[in-house]
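What follows is one structure encoded as structure tokens, with my remarks underneath.
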Amino acid sequence: MPKWITQVGCPYCGSSCDDLEVLVSDDGRKVLETRNACVIGNEIFHHASSPNRPTRPRMRQEDGTVKEITYDEAIDYTAKALLKAKKPLIYGFGSTNCEGMSAVGRVAEKAGAVLDNCASICHGPSFLAIFDNGYPSCTLGEVKNRADVVLFWGCNPMHAHPRHTSRYSIFPRGFFTTKGNMQRTIICVDPRETDTAKLADIHLMIDQGHDYELFDAFRTVLRGHDIPDVVAGIKKEQILEAAGKMKNGRFVMIFYGMGCCHTDGRNHNVDIAISTTRDLNSHTKASIMAMRGHYNIAGPGQVWSWQFGFPYCVDLSRGTHAHMNPGETSSIDLAMRDEVDCFVNVGTDAGAHFPIEAVRHLKKHPFITVDPNICMASEISDLHIPVRVVGVEEPGVVYRMDNVPIQFKKVIDGPDGVPSDEELFDKVYERMCELTETEPIWILNRGHAHGSSTAEQ
Amino acid sequence: MAEIVIKNGFVIDPARKINGDVMDIAIRDDKIVEKVGSGAKEIDARGKVVMTGGVDIHAHVAGPKVNVGRLMRPEDKLFKSPNAQAPYRVESGFSIPSTFKTGYDYARMGYAFVMEAAMPPLHSPHVHEEIHDTPIIDQGALPVFANNWFVLEYLKNREIENTAAYTAWLLMATKGYGVKLVNPGGTAAWAWGLNCLTLNDPVPYFDITPAEIISGLIETNEYLGLPHSIHIHQNSLGTPGNYEITLDSFRLAEGVKANNRFSRDSVMHSTHVQFHSYGGDSWRNFESKAKEVMDYINGQKNITVDLGCVTLDETTTMTADGPFEHHLNQLNHLKWANTDVELETAAGVVPYVYDKDIKVCGIQWAIGLELGLYAKDPMRTFITTDHPNAGPFIRYPRIIKWLMSKKAREETLESMKYTDKVIDATDIHSLDTERTLYEIAQMTRAGPAKALGLSHIFGSLAPGMEANVVVYDLNFNDMPDDPEQIERAFLRSSNFIKSGDIVVKDGDIVSHGNKRTFWVNAKVKENPQVIRDIHEKFLKEYTVGLGNYTVWDCLAPNPYVIDIDVEA
Ligand code: SF4
Ligand SMILES: [Zn+2]
């Protein structure tokens with residue numbers, strides 16, 4: 001009998017919905033149906049069961065063809081490539097669990113690698129702003145239960161985070177928001193008439209690239225000063241109206257996306273967005289949140305902050321300490337300067353996302369992709385190592401866009417012999433230790449548990 | 001069977017009233033024993049002090065707000081991280097060290113157990129992930145209760161049994177150790193940008209007062225018979241004149257008897273009292289009320305405290321007291337992080353520079369030490385810095401130095417810009433007390449172990465105890481004239497054996513040992529109403545499913561679970 005599994009996490013977008021229901025086949029090997037997921041969420045579950053999925057590492061041959069090799073051979077190749085390189089770069093982690101990120105941390109230290117994640121090309125400017133100005137934020141449940149004024153700035157959740165508006169930000173009825181969207185004023189700042197903008201009570205169709213000025217105008221108004229008749233293409237009356245709504249709201253929430261942090265001004269836009277939030281807290285309660293793209297792209301920022309003190313661009317190549325300096329230790333910059341001599345792409349598609357110039361440099365040296373699926377990066381790699389799909393075939397902790405950890409379960413077994421990211425990287429680490437004739441360093445002495453407990457088991 | 005003997009050290013073990021006797025300490029596997037065979041590995045401690053491993057009752061070392069601090073402060077790493085000690089992990093950060101550095105530095109100081117002081121329940125998987133990545137030391141974590149909707153609703157109706165059933169469930173779900181209160185009611189008010197500054201300010205919407213929350217949770221805690229008492233960060237932290245509120249909240253414990261089978265006598269642990277012992281009505285006439293506060297504690301046997309000493313460093317403040325962090329940020333205008341957590345709590349993070357040349361900071365420094373010197377019962381007064389709030393934990397040896405040496409205190413006092421003003425506002429200059437090694441062992445080991453209900457495992461070198469033994473390079477009979485040597489000795493132990501593993505030698509890490517996670521499993525009678533309420537709130541108000549909330553066992557792979565049967 002196929003069975004329904006409930007409260008399943010969705011390993012797709014940063015909404016990290018954990019209320020999916022998944023029907024799995026009798027043998028626990030195939031996803032038959034899903035409930036509650038949006039279209040893209042549904043897709044990821046079915047994709048895992050696709051018969052075309054690679055289940056063995058594939059090594060590129062001299063003639064350009066690929067040949068299947070064993071996992072042991074793939075692990076050996078990766079370990080040697082990492083040890084041989086002077087400045088390996090391990091990048092990605094949009095779509096894997098924290099266990100994998102942690103295992104990679106150990107490998108990167110051993111290899112003297114640079115560790116970086118997709119924030120480097122998306123919410124990196126947010127990190128820069130947070131370093132300068134902090135981050136007054138909240139969990140998404142606070143938005144659901146309290147927010148009566150919600151601002152979407154340069155983001156379009158109706159497309160990028162389909163269930164965000166129904167689970168958290170516009171429609172849900174919460175404890176103090178029993179009337180749901182009737183009780184919320186929605187303000188959207190976007191140069192385009194997006195589907196989110198269509199839902200808004202106030203749509204400020206800003207001139208593209210003038211975000212900083214509009215934030216500045218809000219701050220000026222909130223502090224009781226006058227502004228010009230038109231700012232960033234928006235009429236003064238409209239700015240006053242929106243500012244009034246925010247000032248008089250009981251709980252103001254600002255969500256912003258790449259339309260804010262990747263237009264002109266970048267980190268400065270986020271910086272002033274944070275300052276606006278700070279100012280609003282003198283009048284009412286206000287919070288801000290970055291619309292992180294993938295279900296666990298907040299994860300590496302957390303794991304590496306506790307392991308190394310930095311959320312991204314972590315340079316471990318000195319061997320003695322971790323160092324971060326975006327611009328110097330960020331993936332694209334390293335690649336453009338041709339400093340990387342081994343590239344490992346994990347759980348993302350650098351082939352599709354990096355500038356072609358950067359990819360050309362990376363391609364001069366060993367180029368390895370660790371990902372469950374075929375993607376552009378896997379197809380230009382010297383070696384593609386398939387792993388299990390987190391959230392479908394592999395459980396693990398993920399961090400939602402509000403940095404709330406959610407324990408994602410697995411619903412089906414992975415293909416035989418295919419490891420998880422964690423298992424794979426632990427083996428790479430052990431192989432590196434063998435090759436360098438050193439003892440592996442684990443946090444717990446495995447197999448040497450001597451504290452007792454009365455309740456466990 | 002691994003045997004070790006630590007030979008000929010000056011043993012200091014207040015739990016057995018041993019003060020500097022030259023003795024051998026024998027270890028078999030992970031326990032202290034009377035005697036070992038002739039084949040035991042010998043460690044020579046001649047001319048050195050031998051104590052049991054330290055126990056830290058209150059530090060913020062793991063979890064979301066600690067990590068926000070790490071994330072938003074790259075400057076805490078720049079030129080401040082030591083070089084890695086091969087082949088061990090990289091160490092990062094000063095005031096908010098990485099998990100690896102946290103484990104190593106505590107071990108170097110000879111600490112065996114550290115309590116994470118505030119765990120937001122929704123973020124408990126995060127807390128446990130970090131604890132998992134902190135090598136060597138045993139840890140527990142205290143979930144926060146005093147602004148939690150379930151607790152506020154039950155206590156509003158004085159439903160102690162329901163509060164207890166929920167508390168037991170939450171300890172199980174989060175793998176938590178005890179009941180933490182942070183700014184009772186005030187943090188709940190902060191969700192609307194407000195605060196509760198006195199014990200009688202009603203919490204918006206919930207219509208309950210901080211005093212009622214505190215009393216209700218004391219009662220709940222003793223009803224359950226938990227190993228630790230309630231652990232409270234009182235209202236109105238860090239404001240001039242707050243000592244009266246502090247005393248008022250202490251009075252709520254009067255007449256309450258501890259009920260537990262862990263030989264704990266206290267019913268209230270009041271944390272970082274330094275921040276709560278302030279006189280004056282503004283920063284201009286700010287002064288110490290350490291004596292008033294400690295006089296009360298001295299006479300009230302069922303309260304324990306930790307100091308929360310200011311160490312005069314650049315550090316990172318972080319607390320579930322959301323409104324306080326916002327207030328602090330209005331004062332110093334540095335970066336500010338805040339996280340309000342649905343139905344449960346909040347947290348704020350703000351960097352802070354305790355500059356010895358600022359009058360207020362000098363007075364704060366003095367207050368922490370005055371409290372430590374005025375205390376009549378070192379078994380109820382513990383050394384902390386509320387790490388990293390008043391300073392990083394690696395300054396414990398410095399606090400020990402100040403407590404043990406008037407000379408050291410005077411040197412620091414003299415170096416301040418406003419020495420006279422600090423002297424005027426405090427008693428620090430006239431206090432001649434110098435704490436002994438015996439008292440220091442009470443304040444860092446025997447005392448906190450007892451307050452946590454762990455005196456059967458930690459806090460003593462008696463046979464049967466956990467084999468946590470540390471050797472400090474100090475001659476009991478010939479203590480150094482130079483107080484700096486005291487700090488140095490406590491910062492990097494000569495040897496530290498943690499649960500029978502030699503983990504530190506000459507101040508360096510030599511093993512990752514085998515850390516454990518302590519949590520409390522209190523079994524109460526099934527309570528259908530509470531179960532229904534939990535299901536209801538997860539269905540309606542939480543954004544995470546109930547089925548994904550309970551911390552997985554694999555996040556605490558080496559657990560030490562303390563079972564309590566409340567029905568029995
Ligand atoms: S909104 Fe995002 S997380 Fe939720 S089901 Fe859709 S893709 Fe998955
Ligand atoms: Zn604290």
Side-chain angles (χ1 to χ4, degrees), chain A residues 6-7 9 18-19 98 102 109 130-142 144-146 167-168 174-175 250 278 281 284-285 287 301-302 305-311 316 320-322 324 397 403-407 438-439 441-445 448-456, chain B residues 29-30 64 67-68 70-72 74 76-77 81 83-84 87-93 98-100 122-123 125-126 129-130 132-133 135 191-193 326 335-343 349 499 512-516 521 541-545 547-548 552-553 557-563:
Chain A
T6 60
Q7 298 194 28
D18 72 335
D19 62 342
C98 292
S102 185
E109 238 182 278
I130 290 168
F131 298 157
D132 284 337
N133 208 0
Y135 194 56
S137 194
C138 62
T139 69
L140 286 165
E142 286 295 273
K144 164 174 155 176
N145 289 314
R146 296 180 200 268
R167 270 174 64 80
Y168 314 119
F175 193 77
R250 289 225 294 164
R278 290 170 64 138
N281 272 291
T284 179
K285 180 78 187 190
S287 264
Q302 293 296 331
S305 285
W306 80 61
Q307 295 196 338
F308 305 113
F310 305 112
L316 296 159
T320 51
H321 62 281
M324 176 199 73
V397 179
N403 294 318
V404 168
I406 306 183
Q407 302 167 112
T438 47
E439 279 293 311
I441 300 288
W442 307 105
I443 296 285
L444 291 169
N445 286 338
H448 157 120
H450 56 65
S452 66
S453 83
T454 41
E456 274 305 271
Chain B
D29 296 332
D30 55 351
N67 220 32
V68 167
R70 296 188 188 104
L71 191 157
M72 84 169 182
D76 194 59
K77 267 70 69 173
S81 302
N83 280 353
Y88 294 96
R89 302 296 301 264
V90 160
E91 300 181 49
S92 296
S98 64
T99 53
F100 306 142
L122 184 63
H123 291 85
H126 179 169
E129 278 199 290
E130 287 200 23
H132 174 280
D133 274 2
W192 292 123
H326 180 247
K335 48 194 163 186
W336 168 52
N338 179 76
T339 306
D340 293 337
V341 182
E342 58 207 64
L343 288 82
V349 184
S499 302
H512 264 186
N514 213 33
K515 71 124 2 77
R516 291 173 299 183
N521 191 16
E541 278 107 31
Y542 273 104
T543 57
V544 173
N548 301 324
W552 289 340
D553 286 346
N558 200 6
Y560 188 100
V561 185
I562 296 173
D563 280 314

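In the text below, chain A, chain B and the rest are named by the order of the sequence lines, each starting its count at 1.
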- [ ] Ignoring hydrogens and angles, state whether a donor on the side chain of A/Gln302 or B/Asn67 is under 3.5 Å from an acceptor on the partner side chain.
- [x] yes
TODO: Name the member of A/Thr6, A/Asp18, A/Ile130, A/Ile441 that forms the most heavy-atom pairs with chain B at distances under 4.5 Å.
DONE: A/Asp18
Task: Interchain contact, B/Pro74 with chain A, by part (heavy-atom threshold 4.5 Å) - done: both
Open item on the list: Tell me if a side-chain donor or acceptor on B/Asn521 pairs with a main-chain N or O of B/Val561 at a distance below 3.5 Å.
Closed with: no
Task: Winner by heavy-atom pair count (cut-off under 4.5 Å) against chain A, out of B/Gly547, B/Pro125, B/Gly193 - done: B/Pro125
Task: Side-chain ion pair, A/Arg167 and A/Asp19, N-O less than 4.0 Å - done: yes
Open item on the list: Only pairs of heavy atoms separated by less than 4.5 Å count here; which of A/Arg250, A/Arg146, A/Glu439 has the most with chain B?
Closed with: A/Arg146
TODO: Look at B/Glu541, B/Arg70, B/Met72 and state which one has the largest set of heavy-atom pairs under 4.5 Å with chain A.
DONE: B/Glu541
TODO: Look at A/Ser137, A/Ser287, A/Gly309 and state which one has the largest set of heavy-atom pairs under 4.5 Å with chain B.
DONE: A/Ser137
Task: B/Trp336/B/His326 under ring pair (Phe, Tyr, Trp, His ring centres under 6.0 Å): CA gap, chis, key distance, verdict - done: CA-CA 7 Å; B/Trp336 168 52; B/His326 180 247; 4.9 Å; yes
TODO: Find the one option among B/Ser81, B/Pro87, B/Pro64 whose heavy-atom pairs under 4.5 Å with chain A are most numerous.
DONE: B/Pro87
Task: Residue pair B/Glu342 / A/Thr139, side-chain donor-acceptor N/O under 3.5 Å - done: yes
Open item on the list: Only pairs of heavy atoms separated by less than 4.5 Å count here; which of A/Asp132, A/Asn403, A/Leu140, A/Val404 has the most with chain B?
Closed with: A/Val404
- [ ] State the OH-OG distance between B/Tyr560 and B/Ser499, to the nearest 0.5 angstrom.
- [x] 10.5 Å
- [ ] Could you check which of A/Gln407, A/Gln7, A/Gln307, A/His321 has the highest count of heavy-atom pairs closer than 4.5 Å to chain B?
- [x] A/Gln407
Task: Side-chain donor or acceptor of B/His512 paired with backbone N/O of A/Trp442 under 3.5 Å - done: yes
Open item on the list: Out of B/Val90, B/Asp76, B/Leu122, return the one with the most heavy atom pairs under 4.5 angstrom to chain A.
Closed with: B/Val90
